[in-house]
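Just below is one structure, and these are the notes that go with it.
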Amino acid sequence: MTTPIRPPIRLALIGIGKIARDQHLPAIAANPGLTLAAAVSRNAAVDGVPNFHDIDALVASGLELDAVSIATPPLGRHAIAAAALARGWHVMLEKPPGATLGEVRALLPGDRTLFTSWHSRHAAGVAPARAWLAGRRIVSVRIDWREDIRHWHPGQHWILAAGGLGVFDPGINALSIATAILPGRLHVEQARLDFPANRGAPIAASLALKHGETPVAVELDFLQTGPQSWDITVETDAGRLALHDGGARLTIDGAVQSLPDSGEYPGLYQHFADLIAAGRSDVDLTPLELVADAFLIGERREVAAFEF
Ligand code: NAP
């Protein structure tokens, strides 16, 4: 018996900004199981496909689609996702999957695929790190995620507005990796959040998490100039594991490990296609829960006003 060949999934990409252009469009184009059938953005357009101003215009167009991928800022995603699911389309959400936990949960349960994507979990070092750590006793963990907001997010005012997550916009990538590689659950014990006087989201944060009885120190900084760091170091009873460059590079006791690298976004889109084919969803909110708990428990400090 031959396996029937599936037609490509007809996909609309919503929110044509930095990450849509840098990563989503190339990953969709490279996947034979997907075809870009439309783009949705208020001020931007993608050549070669029908473009729509917003989700309402897309729904009203009557265009036949199977799925949407949403790469707008988190605030406002819920309404877009809910409209797409109501239309019968499968939905992939960029990280973070929403501005609140409740709005993502409100999308469940449904009969279409919902995928809360965490691109950093597809970095080359993450699966090998999880495998190496399994069965070892973890002594301490340190996360340093320090980047220059002016370089990586020029003019993205939404990031420092309430609901934009501030320094947790990149920091949640570290938490998505930590929750994937550490065998137990993490919880927030203490947090300090630095809010610029003129902004609604933190520009730096310092967290003390626990993994069982093991301390996990997290330092997040959006004002790092010079060398940038996206590092996770795990001390174990059998050596030190370190992930660098956001999970792309793995060292064990300082020795660089060779890793196959197929790219984060190609992995995400293949997983989305596989979920649709299997009629399943993949909804994991644990990184966003940690951020929400940091906001709940965190001591807030006002720091100098910030201008891009
Ligand atoms: P961005 O450059 O600001 O692009 C987002 C696009 O969404 C905008 O260009 C805008 O296009 C559209 N949009 C819809 N509603 C919006 C609103 N209320 N405010 C602002 N823009 C709105 O942002 P991005 O860097 O691509 O980030 C988008 C998402 O991807 C975020 O969740 C972020 O965490 C995630 N992400 C970003 C990166 C990165 O390196 N930048 C990496 C991984 C993941 P129109 O004006 O045309 O509607």
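Atoms within each ligand, like the ligands themselves, are counted from 1 in listed order. Along the sequence shown, residues carry numbers from 1.
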Considering only heavy atoms of R77, which atoms of ligand 1 have at least one such atom less than 4.0 Å away?
31 (C), 32 (O)
is_close_aromatic(F222, F306), centroid dist under 6.0 Å
no
Return the residue, atom name and 0.1 Å-rounded distance of the protein heavy atom closest to atom 8 (C) of ligand 1.
G17 CA, 4.3 Å
Quick one: does any side-chain atom of W118 pair with a main-chain N or O of D284 as donor and acceptor, under 3.5 Å?
yes
Could you tell me the separation between the CG atom of L243 and the CZ atom of R249, rounded to the nearest 0.5 Å?
10.0 Å
Ligand 1 atoms in contact with A71 (distance to a heavy atom under 4.0 Å):
5 (C), 28 (C), 29 (C)
Selection from T72, N43, I80 by shortest heavy-atom distance to atom 29 (C) of ligand 1:
T72
State whether W132 and R136 meet the cation-pi test: NZ (Lys) or CZ (Arg) under 6.0 Å from the six-membered ring centroid, and within 45° of the perpendicular axis.
yes
Can you tell me if E307 and N198 form a side-chain donor-acceptor pair at under 3.5 Å?
yes
Heavy-atom nearest neighbour in the protein, as seen from atom 37 (C) of ligand 1, with distance rounded to 0.1 Å:
I19 CB, 3.7 Å
Between H24 and Y269, what is the ring plane arrangement, given parallel below 30°, perpendicular above 60°, and tilted in between?
perpendicular
Short list, please: which atoms of ligand 1 are under 4.0 Å from a heavy atom of G15?
7 (O)
State, without any angle test, whether H187 and D293 hold a side-chain donor-acceptor pair at a distance under 3.5 Å.
no
Could you check whether E235 and S140, counting side-chain N and O atoms only, form a donor-acceptor pair closer than 3.5 Å?
no
Kindly indicate whether the side chain of V104, heavy atoms from C-beta on, has any atom under 4.5 Å from the side chain of L285.
yes
P74 neighbourhood, listing ligand 1 atoms whose heavy-atom distance to it stays under 4.0 Å:
32 (O)
Should R280 and T113 be marked as a side-chain contact (heavy atoms from CB on, under 4.5 Å) after you check the CA-CA gap, both sets of side-chain angles, and the distance that decides it?
CA-CA 6 Å; R280 292 196 301 115; T113 293; 5.8 Å; no
For atom 24 (P) of ligand 1, the closest protein heavy atom turns out to be Q156 NE2, 3.7 Å
When you measure from the heavy atoms of P73 to every atom of ligand 1, does any distance fall below 4.0 Å?
yes
Considering the heavy atoms of E94, write down every atom of ligand 1 situated less than 4.0 Å from one of them.
30 (O), 35 (C), 44 (C)
With heavy atoms under 4.0 Å as the rule, classify the contact between K18 and ligand 1 as side chain, backbone, both or neither.
both
Is it the side chain (CB and beyond), the backbone, both or neither of D22 that lies under 4.0 Å from ligand 1, heavy atoms counted?
neither
Counting heavy atoms only, name the option from R42, E147, H119 that's nearest to atom 15 (N) of ligand 1.
R42
Atom 27 (O) of ligand 1: the protein heavy-atom neighbour that sits closest, reported with distance to 0.1 Å:
W158 CZ2, 3.7 Å
Ranked by distance from atom 11 (O) of ligand 1, the top protein heavy atom is S41 OG, 3.3 Å
List ligand 1 atoms under 4.0 Å from A44, heavy atoms only on the residue side.
47 (O)
If you have a sec, work out which protein heavy atom is nearest atom 35 (C) of ligand 1 and how many Å separate them, to one decimal?
K95 O, 3.6 Å
Lys/Arg-Asp/Glu bridge criterion (N-O < 4.0 Å) met for E213, R137
no
So, 4.0 Å and heavy atoms of P96: is ligand 1 close enough to count as a contact?
yes
Ligand-residue contact atoms, ligand 1 with D169, heavy atoms, under 4.0 Å
33 (C), 34 (O)
Using a 4.0 Å cut-off to any heavy atom of Y265, which atoms of ligand 1 qualify?
43 (C), 44 (C)
List the steps, then state whether side-chain contact (heavy atoms from CB on, under 4.5 Å) holds for T251 with L241.
CA-CA 6 Å; T251 63; L241 174 145; over 6 Å; no
